[in-house]
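One structure is given below, encoded as structure tokens.
Start at 1 and go down the list; that is how both ligands and their atoms are numbered.
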Amino acid sequence: MSALLEVRNLSVRYATARGELNAVSAVDLDLAVGQTLGLVGESGCGKSSLGKALVRLVNPSEGEIRVNGTDLATLSGKRLKASRHDVQMVFQDPSSALDPRLSIFDSIDEPLRARGELSKPQRQQRVAELMRQVGLHEDLASRLPHQLSGGQRQRVVIARALAPRPAMIICDEPVSALDVSLQAQILNLLCDLQEQLGIAYLFISHDLSVVQYLADRIAVMYLGQIVEIGDRSPFWQRPAHPYSQALIAAVPVMDPTLSRAADKQVIGGDVPSPYTPPSGCRFHTRCPQVHDRCKEEQPRLQALQTGHHVACHLYDATTGAPA
Ligand code: SF4
């Protein structure tokens with residue numbers, strides 16, 4: 001499948017009163033047309049900063065963000081605004097994503113009006129179509145956001161994101177503010193929309209069971225870096241990085257064919273400060289398999305025989321086999 005998104009050497013650093021915060025460090029990843037890449041990791045690992053950098057809500061410090069070959073990292077002004085139609089974002093909290101004074105119709109119509117390409121009757125037709133696509137009854141068009149349930153509000157946010165016909169949506173914890181029953185409905189909706197419209201998703205979540213449900217590929221992030229990335233099957237069945245193994249071991253497993261990594265030690269402790277990341281492998285302060293080399297030398301992502309990539313000194317640099 002052709003690459004829709006190609007991210008190379010992307011870093012995001014914030015200047016703060018405490019010093020420089022390394023939110024994202026030299027990230028490489030690809031996303032194919034119509035596919036879902038799940039991005040997982042603990043809170044504060046840089047997932048959201050990476051998502052925001054991809055839509056230029058925060059500016060990358062360095063690196064490339066190519067969408068259909070155009071590097072969004074270098075765009076500004078009108079060209080950046082136009083490129084935003086291709087990549088939309090859905091956030092965790094639908095209440096703060098919607099203007100409380102705008103009706104549901106106006107909320108969905110706003111991005112269409114801003115583009116100025118459709119007449120009013122055409123926009124009315126498009127809003128009605130979008131409401132249908134996300135499973136909202138047209139009677140809700142005149143309501144205000146506070147008159148809707150949390151699940152309905154998230155459907156409105158998704159309809160807004162779909163309005164410019166994007167090739168890709170960054171979904172940042174889109175169901176974590178919802179009840180479990182509503183979570184399943186929104187996840188099913190996202191799957192249906194992908195099937196109908198061929199949209200690609202970068203799906204950011206701290207919850208592996210959610211990612212397990214819908215991601216074709218998985219990327220694991222730790223302290224600003226991708227430590228493992230690959231197709232769903234080898235990843236779930238043979239996670240290679242000790243951090244991935246620990247994350248998977250903590251998930252309640254419904255499918256007995258998936259690895260529980262039950263023999264692996266579950267990690268404790270907190271994520272170290274991104275202001276002063278550990279030397280060598282950033283995971284070495286919590287890794288049950290740490291050895292001397294880990295404290296000195298930073299591991300690079302390398303291909304394993306299973307086809308996925310891992311950054312860990314336990315694997316030989318040339319064959320990808322355990323060292
Ligand atoms: Fe653990 Fe060393 Fe691998 Fe890092 S490089 S994950 S510390 S074994």
Passing option when Gln154 is tested against Leu148, Val134, Ile186 for side-chain contact (heavy atoms from CB on, under 4.5 Å): Ile186

Which ligand 1 atoms does [X] reach within 4.0 Å, using its non-hydrogen atoms?
{"X": "His241", "answer": "6 (S)"}
{"X": "Cys287", "answer": "1 (Fe), 6 (S), 7 (S), 8 (S)"}
{"X": "His284", "answer": "7 (S)"}
{"X": "Leu314", "answer": "8 (S)"}

Heavy atom of the protein closest to atom 4 (Fe) of ligand 1 (residue, atom name, distance): Cys281 SG, 2.4 Å

Contact flag Cys294/atom 2 (Fe) of ligand 1, N/O/S atoms, threshold under 2.8 Å: yes

Metal check, atom 4 (Fe) of ligand 1 vs His313 N/O/S, cut-off below 2.8 Å: no

Pair Glu228, Ser244: side-chain N/O donor-acceptor within cut-off below 3.5 Å: yes

Side-chain H-bond candidate by donor/acceptor type, Gln122 with Ser119, under 3.5 Å: yes

Whether over 12 other heavy atoms sit under 6.0 Å from Glu195 CD: no

Within 6.0 angstrom of Gln125 CD, more than 12 heavy atoms from elsewhere: no

Selected option - heavy-atom contact closest to atom 3 (Fe) of ligand 1, from Pro299, Pro278, Cys312: Cys312

Within reach of ligand 1, part of Arg293 (heavy-atom separation under 4.0 Å): neither

Ligand 1 versus Pro242: contacting region, heavy-atom distance under 4.0 Å: side chain

Salt bridge (Lys or Arg N to Asp or Glu O under 4.0 Å) assessment of Arg132 paired with Glu129: CA-CA 5 Å; Arg132 261 195 315 277; Glu129 179 192 28; 5.8 Å; no

Pair Arg8 + Asp28, salt bridge at N-O below 4.0 Å: no

